[in-house]
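In what follows, every chain begins at residue 1, and chains take the letters A, B, ... in the order their sequences are listed.
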Protein chains: 4
Amino acid sequence: MARGVNKVILIGNLGQDPETRYTPNGNAVVNLNLATDESYKDRQTGQLVPKTEWHRIVLFGKVAEVAGQYLRKGSKVYIEGKLQTRKWQGQDGQDRYTTEVVVDINGQMQMLDSRGGEGGMSQGAPAGRPQQSNYNAPAGQQNAPAQGQQSGGYNQPSQGSMPEPVDDFDDDIPF
Amino acid sequence: MARGVNKVILIGNLGQDPETRYTPNGNAVVNLNLATDESYKDRQTGQLVPKTEWHRIVLFGKVAEVAGQYLRKGSKVYIEGKLQTRKWQGQDGQDRYTTEVVVDINGQMQMLDSRGGEGGMSQGAPAGRPQQSNYNAPAGQQNAPAQGQQSGGYNQPSQGSMPEPVDDFDDDIPF
Amino acid sequence: MARGVNKVILIGNLGQDPETRYTPNGNAVVNLNLATDESYKDRQTGQLVPKTEWHRIVLFGKVAEVAGQYLRKGSKVYIEGKLQTRKWQGQDGQDRYTTEVVVDINGQMQMLDSRGGEGGMSQGAPAGRPQQSNYNAPAGQQNAPAQGQQSGGYNQPSQGSMPEPVDDFDDDIPF
Amino acid sequence: MARGVNKVILIGNLGQDPETRYTPNGNAVVNLNLATDESYKDRQTGQLVPKTEWHRIVLFGKVAEVAGQYLRKGSKVYIEGKLQTRKWQGQDGQDRYTTEVVVDINGQMQMLDSRGGEGGMSQGAPAGRPQQSNYNAPAGQQNAPAQGQQSGGYNQPSQGSMPEPVDDFDDDIPF
DNA sequence: TTTT
DNA sequence: TTTT
C-alpha cells in the first residue's frame, strides 16, 4: 500500500499528560507532546550544550487507548510512526502547517518506564492518578464521545484511512 | 551525545531541484522537497486512494554537496535524519513553526536512481545539466558565499552543533 | 503484541533470483540473498576498501508473492523486517544457527528499480524472464505446493502466526 | 561511505552481564546478549503465545565502554547498529557463521533503565556492583589488555574500519 | 539467559 | 512539486 517509506522513530519523555479525544465512532485519538534530548559541543566554548526537541504525536486506535490510559507527564516512551503535515487556518485566515508523527496500526508504541508507579503494562488503572472519565470506553461504542469531546472530528485511520480535517481544536494554535 | 532517539527514514522523490546555499564558512546547505507516496483504502468506496506527503529536508556538510550536485527534480532518494522544528516570524510578526528533517554527519543520504544520466555515485558532473556556479566550492573556503548567498547564517552542524537561526530566506514563508 | 523492538532496515541488491516455496496452505515463502555495500578507510593504507555484507531474507504472505514475481538477481530493494535466528541440525547432528531477516505483515518491501526492464510495480510478468511454475498460484489454494516444494513446512508468521518447523530444506546448509 | 543501508534497531533486555574485552590498542569491545520479546496469537488455540528472540550485540569504542560499565543482566537498552555475519571454524574444521549486530561510531546505545541503582547516565560506578578491573582503562593505553584478554584481536572499527578475525574466543561456539 |  |  505504499510506494515510498515514511518512518519516524523516537524515544523521549512526555512533557504533559496525554490528551484523549474520541471520534464520532468512539475511537480514541490521543495527542502527546514528546521531548527528545540531545547534546552537542559548542564550537566556541567547547561546552556540551543540551538541546531538547519537541514532537507532536498523534495516536489512533488500540495504541491510542493504551497510551491514554498508561502514559503520563514524564513517561518515557518509544514511538514508531510516520510524518504527516496538516494544514490549518490561523485566526487571520492564513494557512498554517503543523507536522505530526502519526502512530496508527502500522506504527508502534512502547512504554519504557519499568516497574513501579509510572505504569508499564500492568492491568488496571494505578491508584492516585487522575482518571479520565471515558478512559475505558470501548472503541466503536456510541457512548464514548461525551461532553468535552465532541470536538473529535477524527476518523479512525486504521490500515491506511486518513484522519479527516479537524475543525474545532481547543484553540487556534494546535502546536 | 544523546539521551533520546530522534530518527527519520524516508524514501521518496524530489518535487524540484535541490536548493543549495552556502554558510559564511563555505559549507553547503541543501534543501530538498521530498514526496513520499502511500495509498489507503477509502472506507466508503473501497477504492485505493493515493496520498502524497511532502517533507522538507535540510542537508549539511559533505552529504549536502553530493545531494546538491547529483540530485534533481524527480530523483529517488533514501534519507535518514532527525526531526527539527524551527521557529520563525511571519510578516504579521506572529510565530510560525516549520518542521524539517535534518541530515547531518549522523544522517545518511542514498541516491536510488541507478540509471545512467541521472547521477548515482559516478564521479564528475554529468554533461547537459545546469551547473550551479559554486557547486564545487570546497567547504571551508572563502570563495563560496558569493552574492545572494551571504544570506547563509547556517553554522555547519557537524557532530552535534546546531544550525543558527536563518534570518533572510528568499521569502517570508519557508515552507 | 510486542514488549520490545526488533527492526531491521536494509537497502541492497539481490545476489540471485528469489527462491519461492509454498506452504501446505499455498502461501508463498520467498528467500532472498541481499547484499548491502559499505566502504571503509583502511587504516594502514588510507585506501577506501569496499565491503559487502550478505543478508538472508525470508518473506511471507502478500509481500512474498510480489517479491517472487518481480524481483530478480541484481534488483535493488528496500527491506524492513525483524531479526530471527533459526536452529537447525547439521549432517553431523550438531546444532547450527542461521539468522534471517523476516518480512511478514508487519514488515515492508519496496522495489527500487525504477523504469524499464528491471521490474518495478508494473503488472504482468516481463517477457524473457524465467517463469516459475507456481508463480501466480493464489495463496490458500491447494495447487501450490507442487513437487520440490512439499518441503514447505512454513507457517505464515503474519501478525503472530509462526513458521512451522522446517524439516526438508534442499540441502543441509541453509545459509 | 556506503552504497546501501544496513540498520538494526532493537529494544530489549540483557540476558546476562556484558562481556568486556580489550583490543591490543586498549579499546573496549563489549558483547551483549539481548532478548527482544514479542507475542503472537496461536492459530489453533487463539492463545497469545510469548516468543523471545535472542540477539548477539558487539559494541566498539566509546559506546562499548559505557555499555560495559553501566549495563547489567536485566538492563533494558536501545541498540542501533548494523548486521554483520562472521565466519569461523568449528572444532570439526567446518565453517560456521554467526550474525551479530555491530554498534560502532555510526551506531547508538541508550540505556532505558531510569530507576536509581541500575545505571542511567550517572557518573561514577554505583556502589554494590561487581567492578571489572580494567573498567576505566583509557582506550589506547597499553595497560588494558590484561590477563584473560590477550584474546583480543579486534581492531577498533572507528568510522568504517572493520574488526579483524577473532581466533581465540573462550570456546569454540561463540553464539 | 532477560523483561512484564 | 515528485514518482509508479
Side-chain angles (χ1 to χ4, degrees), chain A residues 1-6 66 70 78 85 110-116 118-124 126, chain B residues 10-19 31-39 48-57 71-79 111-115 118 175, chain C residues 1-6 66 70 78 85 110-116 118-124, chain D residues 10-19 31-39 48-57 71-79 111-115 118-119 175:
Chain A
M1 301 287 195
R3 282 171 306 119
V5 173
N6 177 357
V66 176
Y70 294 110
Y78 167 90
T85 297
Q110 292 280 320
M111 294 177 285
L112 299 175
D113 292 305
S114 41
R115 316 135 235 235
E118 193 57 55
M121 262 333 197
S122 59
Q123 291 316 323
Chain B
L10 303 171
I11 294 179
N13 299 279
L14 299 207
Q16 54 205 194
D17 283 358
E19 299 160 27
N31 283 273
L32 307 178
N33 246 327
L34 188 76
T36 56
D37 292 316
E38 189 185 15
S39 54
L48 216 57
V49 183
K51 180 171 189 294
T52 295
E53 190 67 35
W54 288 97
H55 310 272
R56 185 172 177 83
I57 317 292
L71 295 179
R72 285 299 170 266
K73 176 178 177 174
S75 295
K76 177 167 287 190
V77 68
Y78 167 90
I79 288 289
M111 293 177 287
L112 298 175
D113 292 304
S114 37
R115 60 244 149 87
E118 194 57 56
F175 183 69
Chain C
M1 300 289 194
R3 280 170 308 117
V5 173
N6 177 358
V66 177
Y70 294 111
Y78 167 90
T85 297
Q110 293 279 318
M111 294 177 285
L112 299 174
D113 293 305
S114 41
R115 315 134 236 235
E118 194 55 58
M121 261 333 197
S122 60
Q123 292 315 323
Chain D
L10 303 171
I11 295 179
N13 299 279
L14 300 207
Q16 54 205 193
D17 284 357
E19 300 159 27
N31 283 273
L32 306 179
N33 246 327
L34 187 76
T36 56
D37 292 316
E38 190 184 13
S39 54
L48 216 56
V49 184
K51 179 172 190 294
T52 294
E53 189 67 36
W54 287 97
H55 310 271
R56 184 171 177 83
I57 318 291
L71 295 179
R72 286 297 171 267
K73 176 178 177 175
S75 295
K76 176 166 288 193
V77 69
Y78 167 90
I79 288 289
M111 294 177 285
L112 298 175
D113 292 303
S114 39
R115 60 248 149 84
E118 193 57 54
F175 182 68

Taking all non-hydrogen atoms of both residues, which atom of D:S39 and which atom of D:P50 are closest, and how far apart?
CB-CA, 3.9 Å
Using a 4.0 Å heavy-atom cut-off, does D:T52 contact any base of the nucleic acid, only the sugar-phosphate backbone, or nothing at all?
base
Starting the side chain at C-beta, find the nucleotide from F:dT2, E:dT1, F:dT1 nearest to B:N13.
F:dT2
Between E:dT3 (P) and D:D37 (CG): distance, integer Å:
10 Å
Take atom CG of D:L112 and atom C1' of E:dT3, then tell me their distance rounded to the nearest Å.
12 Å
Looking only at heavy atoms, which two atoms of B:R56 and B:N31 are closest? And how far apart?
NH2-OD1, 3.3 Å
Between atom CG in B:L34 and atom P in F:dT2, what is the gap in whole Å?
13 Å
What is the separation between atom CG on B:L71 and atom P on F:dT1, rounded to the nearest whole Å?
20 Å
Of all heavy-atom pairs linking B:P18 and B:L32, the shortest is CB-CD2, 3.6 Å
Without decimals, in angstroms, what is the distance between C:Q110 CD and F:dT3 C1'?
12 Å
Separation of atom CG in D:L32 from atom P in E:dT1, rounded to whole Å:
18 Å
Looking only at side-chain atoms of D:W54, point me to the closest of F:dT2, E:dT1, F:dT1.
E:dT1
Euclidean distance, atom CG of residue A:D113 to atom P of E:dT3 [Å, nearest integer]
17 Å
Rounded to whole Å, please give me the gap between CZ in D:R72 and P in E:dT1.
20 Å
Please report the shortest heavy-atom distance between C:Y78 and B:I11, naming the atom on each side.
CD1-CD1, 3.4 Å
